[in-house]
Number of protein chains: 2
Amino acid sequence: MNLEDAKNKFIQSWGTLGSQWGINRTMSQIHALLLVSAEALSAEDVMEQLNISRGNANMNLRALMDWGLVTKEIKPGDRKEYFFAGKDMWEVARKITYERRKREIEPILQVVNELKKENITGKNKEEIAAFSDTIEELSKFTNNANSIVDKFIKSDENWFYKTLMKLVK
Amino acid sequence: MNLEDAKNKFIQSWGTLGSQWGINRTMSQIHALLLVSAEALSAEDVMEQLNISRGNANMNLRALMDWGLVTKEIKPGDRKEYFFAGKDMWEVARKITYERRKREIEPILQVVNELKKENITGKNKEEIAAFSDTIEELSKFTNNANSIVDKFIKSDENWFYKTLMKLVK
DNA sequence: ATTAACTTTCAGAAAGTATTGAAAGTTTGA
DNA sequence: TCAAACTTTCAATACTTTCTGAAAGTTAAT
């Protein structure tokens with residue numbers, strides 16, 4: 001298989017995947033493109049290779065930089081900005097996890113911990129008990145999940161890698 | 001705060017959250033509603049409490065049953081079907097993880113492992129090397145992630161709970 | 001200070017998803 | 001066997017998200 005086809009297959013798949021990971025398709029595709037490019041690419045390059053508009057390229061490159069997955073690079077004697085992606089997958093995973101935790105864990109933590117503090121009133125005692133139990137269980141669970149994810153985000157690659165791999169054995 | 005308001009707050013939040021977890025809003029809301037109900041509810045009950053159509057209620061209750069998060073219950077002497085949600089959060093997490101792995105990890109595994117086997121041809125050797133390195137790293141990473149998730153899905157609650165909690169300390 | 005090279009913004013268009021509700025299908029009891 | 005009680009389906013519609021491209025903004029060299 002020639003390089004172009006292989007790249008395209010990868011970019012295509014990574015794009016689809018990304019959209020299921022809650023990351024938009026173009027953002028994942030740009031990320032994929034930069035991951036498999038030896039050189040940093042300009043916005044123009046990205047637009048051409050993925051057939052997307054200037055606005056779309058710009059927006060998603062910025063988002064990738066916000067996430068810390070992509071970095072700008074200035075080449076001396078050239079006014080264009082060039083972009084490249086970090087290739088360390090554990091780093092990539094950590095950065096994606098960080099962003100997703102913000103969106104997926106923190107909000108539920110907040111609501112659940114708030115509800116836990118409330119004194120629930122009402123006539124149906126059974127229903128109140130069911131509600132409080134669920135909230136209590138959920139609170140425990142979410143707080144634990146959050147701690148684990150936090151550990152992952154902050155841990156250095158090797159330690160976490162080794163520890164987890166021991167689990168799997 | 002009275003029970004109704006607390007329930008609604010929870011259902012609302014769980015719904016929004018779910019949509020960020022790649023689960024559709026109504027599906028999460030129904031799940032939340034059943035999680036905090038002491039009794040099993042009929043499709044009619046669900047429609048009323050969430051203000052959704054019959055079709056929507058039906059579709060999403062079925063999806064929840066496919067995921068194994070909700071179970072049908074027949075009450076003797078009643079032709080309606082009643083639905084209730086399992087309250088064990090580790091079980092819930094395992095089931096959601098199982099479904100999400102199918103969507104989020106398996107497809108990338110397949111593509112990456114396929115690409116890894118290919119013999120990439122082309123003139124730019126540097127580009128080929130960059131591509132192969134990325135795929136190789138990604139393959140290692142994804143396969144490891146998959147093993148860990150698999151372990152989680154199959155593990156019994158206590159073992160995994162204890163092991164993970166030790167990590168966090 | 002001007003202008004050419006580039007980047008950013010944003011309103012409208014397009015694409016993608018979820019929801020409705022009416023009609024068709026199924027089951028159960030008499 | 002019939003019909004009432006319920007469940008399922010699906011085409012049309014509404015809603016949400018993403019993308020485009022032209023216009024505005026910025027920067028750097030002369």
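Every chain is numbered from 1 and lettered A, B, ... according to where its sequence line falls, protein lines coming before strand lines.
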- Nearest to the side chain of A:Asn24 - D:dG21, D:dT18, C:dT7? D:dT18
- Whole angstrom value for the distance that separates C1' of C:dA15 from CZ of A:Arg25: 9 Å
- Message: In whole Å, I'd like the distance from the CG atom of B:Asn56 to the C1' atom of D:dT9.
- Response: 13 Å
- State, to 0.1 Å, how close B:Ala32 and B:Trp14 come at their nearest heavy-atom pair, and which atoms those are. CB-CD1, 3.3 Å
- Rounded to whole Å, NZ of B:Lys80 lies from C1' of D:dA5 at a distance of 9 Å
- Protein-nucleotide distance (A:Asp45, atom CG; C:dT7, atom P), rounded to Å: 11 Å
- Touch class at under 4.0 angstrom, heavy-atom based, for A:Glu44 against every strand present: nothing
- Query: How close or far is atom P of C:dT17 from atom CZ of B:Arg103, stated in whole angstroms?
  - Reply: 11 Å
- Query: Is A:Thr26 near enough to D:dT18 that one of its side-chain N or O atoms lies under 4.0 angstrom from OP1 or OP2?
  - Reply: no
- Query: With no hydrogens and no angle check, do the side chains of A:Asn146 and A:Asp150 hold a donor and an acceptor under 3.5 Å apart?
  - Reply: no
- Message: What's the closest nucleotide to the side chain of A:Ile52 if the choices are C:dT7, D:dT20, C:dT19?
- Response: D:dT20
- Query: For the pair made of CZ in B:Arg54 and P in C:dT26, what is the distance, rounded to whole Å?
  - Reply: 18 Å
- Note on the structure: Comparing A:Met27 with B:Tyr82, nearest DNA chain D nucleotide closer to 5' gives the residue B:Tyr82
- Query: Do A:Lys102 and A:Glu106 meet the salt-bridge criterion of a basic N to acidic O distance under 4.0 Å?
  - Reply: no
- Task: Can you tell me the distance, in whole Å, between the NZ atom of A:Lys72 and the P atom of C:dC6?
- Result: 14 Å
- Message: Nearest whole Å is fine: how far is C:dT20 P from B:Met47 CE?
- Response: 9 Å
- Does the base of D:dT27 carry an N or O that pairs as donor and acceptor with the side chain of A:Arg79 under 3.5 Å? yes
- Answer yes if the side chains of A:Ser42 and A:Asp45 hold a donor-acceptor pair under 3.5 Å, and no otherwise. yes
- Query: Just to confirm, is there a sub-4.0 Å distance from OP1 or OP2 of C:dT7 to any side-chain nitrogen or oxygen of A:Asn58?
  - Reply: no
- Item | Minimum-distance nucleotide (side-chain atoms of B:Arg62 versus D:dT9, C:dT20, D:dT20) | D:dT9
- Indicate whether the side chain of A:Asn2 and that of A:Asp5 have a donor and an acceptor atom separated by less than 3.5 Å. yes
